[in-house]
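So that the names make sense, note that chain A is the first sequence line, chain B the second, and so on, each numbered from 1.
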Amino acid sequence: MAESVVGALKEASGYRDLMFNLTQRELRSRYRRSFLGWGWSLLQPAMMTAVYAIMLGYYLKVTPEAGDPSGIDVYAFFLLAGLLPFNYFSASLTTGMGTIVNAGGLMTRVWFPRLLLPMSSILALSVSLMIEMGILAVVVVAFTQEFMILALLPVAIVLVVLLVLFTMGSALFLTAANVRFRDVEYLTSVMLLAYFYLTPILYSPTFIPQKELPLIPLDLRQIALANPMARFAMAFRNVFYDVRLPGLPTMLWLVFWSVLAFYLGTRYFVRRSDRFAEMM
Amino acid sequence: MATGDVVVDGLWKTFRIYQQRSSTLKQAVLRRGNEVYEEFWALRDVTFEVPAGTTVGLIGANGAGKSTMLKVLSRILVPDKGSVHVDGKVSALLELGAGFHPELSGRENVFLNGTILGMTQADINSRFDEIVAFAGLEHAIDNTVKTYSSGMQARLGFAVAVAIEPDILIVDEVLAVGDEEFQRRSLERMNELRSGGRTAILVSHGLATVQQVCDTAVWLDHGQVKAVGGAEDVINQYLRSVSPDVRLDAKGREHLGSGEIEVDVEITSGGSAVDAIESGTPIEVDMRWRADTPLTNLRFQFLVHATDGQVVAGDVIHDESVNSVGAGPGGLCYSVPGFDLLPGSYHLSVSVTDAQSGHLYDSATNVAHLDVHPRGSQIELPGYVPLGGRWTRRG
């Protein structure tokens, strides 16, 4: 019935109170039961940053170039600017994918726009992302006195919106695929691991050699930077580490990928969702 | 089409029963995409209409496609061929506690379930007290739903489903879970919806319920429509097909039902059989049966009819102390301290059904006859029941 993406999104927006309810439920159940509450969600990136900073920054001496023009050279900040968006992307795919499969009973008993289940779980993670980004901004400003970061926050918000669109599109595609083939989940978690190391997050893109490749007129670094998550990492780093506006090509590339992924992912999900009840 | 209309036109729905299914990518690759399955047509060319403001019951044996039909109507399943037009806001109550989250409180679930059904937060806020009162859960609304009994869940589910004031209400067998009081109120509420011009579609194995609340009925058999029409007419056709052989008992009376048990009734007064009494005399309805096999979960019912067939009174029992019988003879006695119906001619019908599924074991009409004569100088009154009031003059 709701074959078109716009139609499906319109229908889903009629259920925005449900979306709000589900998101709230997700956030509550994630943080209510733990003593530290929100603190736990910050512990994970903090811990990872500490470990990487010791291992890579100190033992292996991976020292990325200082921020330009900010001159910031704290590896932890360099790392977090790329790690937070990637963690968000990865967590969204992993949790989003399970929403339909795990809601089996709900699928066969009631109808509501199926989009709401993965979307609300990703929205809940987006709230966490915003908070983490906010804390990062405050910490960087406090350490470096780079108040320009605050002026760049609207850019960061635009980047977050693009990242949410890109993530939702990817997650919706995988969620629907996972209903059909239940091992998509496992495959994805393996792929995410590879994707993490191939995306310049722990290291700067300048570490990738500009090696000429046979048959294609692009070098290895150019190929690696076509990766949208690499561009997201670079753009967030522009804001929080270099303290400047991301370049126009990067922004256009991100807009292109976000819109495309969101459109295609939603379209695939909506087309498959009619059959979800039968596949449970 | 007016709001509340439902039109089902040439609907086909198939399910695939897989002998070999690739549910993972690994299997799909190993089997090179080969899957082996049989197609099973759950609904075949189903066509019927439900005009706005009427109540229709779907009846038929298990596996006839009733629940599939409801799922198609409520958009959970999509048809393979044909079309379904449902005009208006739909609220479907297909399974007990569908959409309830066991770990959340009743209160949180009302909001969650309400928004799943398409209500806004504000709608629910304004109706919250009403919903809780209807479900009778004022004292338990803040407990988690996993502590609720199945009856409590059914009540809360129904209360939310009707609170959205749907144009079309779809109900599957759920009402059978609640107690009698709740069932009565639910039926009342459905009648209210109907008189408010709302449409209702329900599946029930309790044919009595269908007959009571539905204007029309659709009889489905192996996915096909066997009959559509007035509820009573369709139910009778269905019953006749379910038990084609009407049995005759020793006294030549017609019995319907599967026949594992056969009931006979006699009316007695002071220990001896009677067929005529004075109004107000104490009587007993003496039920005796013979069962071929032990049976459990029985529901015995007798009805008192007037000459035109109208049900005047009756009673049922499906109490735990009597609802199982062993093979062989048995009996129940129902005493009436004073049989107070107005003078006239009455007869009894009895039935024994399964209390849950409504499966009919035995039923017989006209099993006993009772003429009620005037008591003393009792004057002739209209109707069947003496009101016992007094006239007083004013002014």
Practice task
Check B:F111 against A:N21 and note the closest heavy-atom contact, atom names and distance.
Solution key: O-ND2, 3.3 Å

Practice task
First locate atom CD of B:Q121, then atom CG of A:L18, and finally report the distance between them rounded to the nearest 0.5 Å.
Solution key: 9.5 Å

Practice task
Would you indicate whether A:Y186, at its atom OH, is surrounded by more than 12 heavy atoms from other residues, nucleotides or ligands within a distance under 6.0 Å?
Solution key: no

Exercise for the section: Please check if the side chain of A:D183 supplies one atom and the backbone of B:T24 the other of a donor-acceptor pair under 3.5 Å. Expected result: no

Exercise for the section: Counting only heavy atoms closer than 4.5 Å, note whether B:K71 contacts chain A via side chain, backbone, both or neither. Expected result: side chain

Practice task
Answer with side chain, backbone, both or neither: which region of B:S74 has an atom nearer than 4.5 Å to a non-hydrogen atom of chain A?
Solution key: backbone

Problem - A:Y268 atom OH, neighbour heavy-atom count above 12 within 6.0 Å - result: yes

Exercise for the section: Give a yes or no on this: more than 12 heavy atoms of other residues, nucleotides or ligands lie within 6.0 Å of atom CE of A:M191. Expected result: no

Problem - B:E38 atom CD, over 12 foreign heavy atoms within 6.0 Å - result: no

Problem - Rounded distance [0.5 Å steps], CG in B:L117 versus OH in A:Y15 - result: 7.5 Å

Problem - Residues A:D17 and B:T115: side-chain donor-acceptor under 3.5 angstrom - result: no

Exercise for the section: Mind checking the CG-CZ spacing from B:D172 to A:R109? Nearest 0.5 Å is all I need. Expected result: 12.0 Å

Fill in the blank from the handout: Correct closest heavy-atom pair for A:W111 and B:I76 would be N-CG1, 3.9 Å

Fill in the blank from the handout: Ranked by heavy-atom pairs below 4.5 Å to chain A, first place among B:K13, B:R16, B:Q27, B:M119 goes to B:K13

Practice task
Show your working on side-chain contact (heavy atoms from CB on, under 4.5 Å) between A:V184 and B:L25 and close with a plain yes or no.
Solution key: CA-CA 7 Å; A:V184 167; B:L25 278 170; 3.9 Å; yes

Handout entry: Top of A:R25, A:M107, A:M19, A:M279 for chain B proximity - count of heavy-atom pairs under 4.5 angstrom
Key = A:R25

Practice task
Let me know if A:L116 has heavy atoms under 4.5 Å from chain B in its side chain, its backbone, both or neither.
Solution key: neither

Practice task
Mark yes when over 12 heavy atoms from residues, nucleotides or ligands other than A:E185 sit less than 6.0 Å from its CD; otherwise mark no.
Solution key: yes

Fill in the blank from the handout: Closest heavy-atom pair, A:F181 versus B:S22, reported as atoms and distance to 0.1 Å, is CE2-O, 3.6 Å

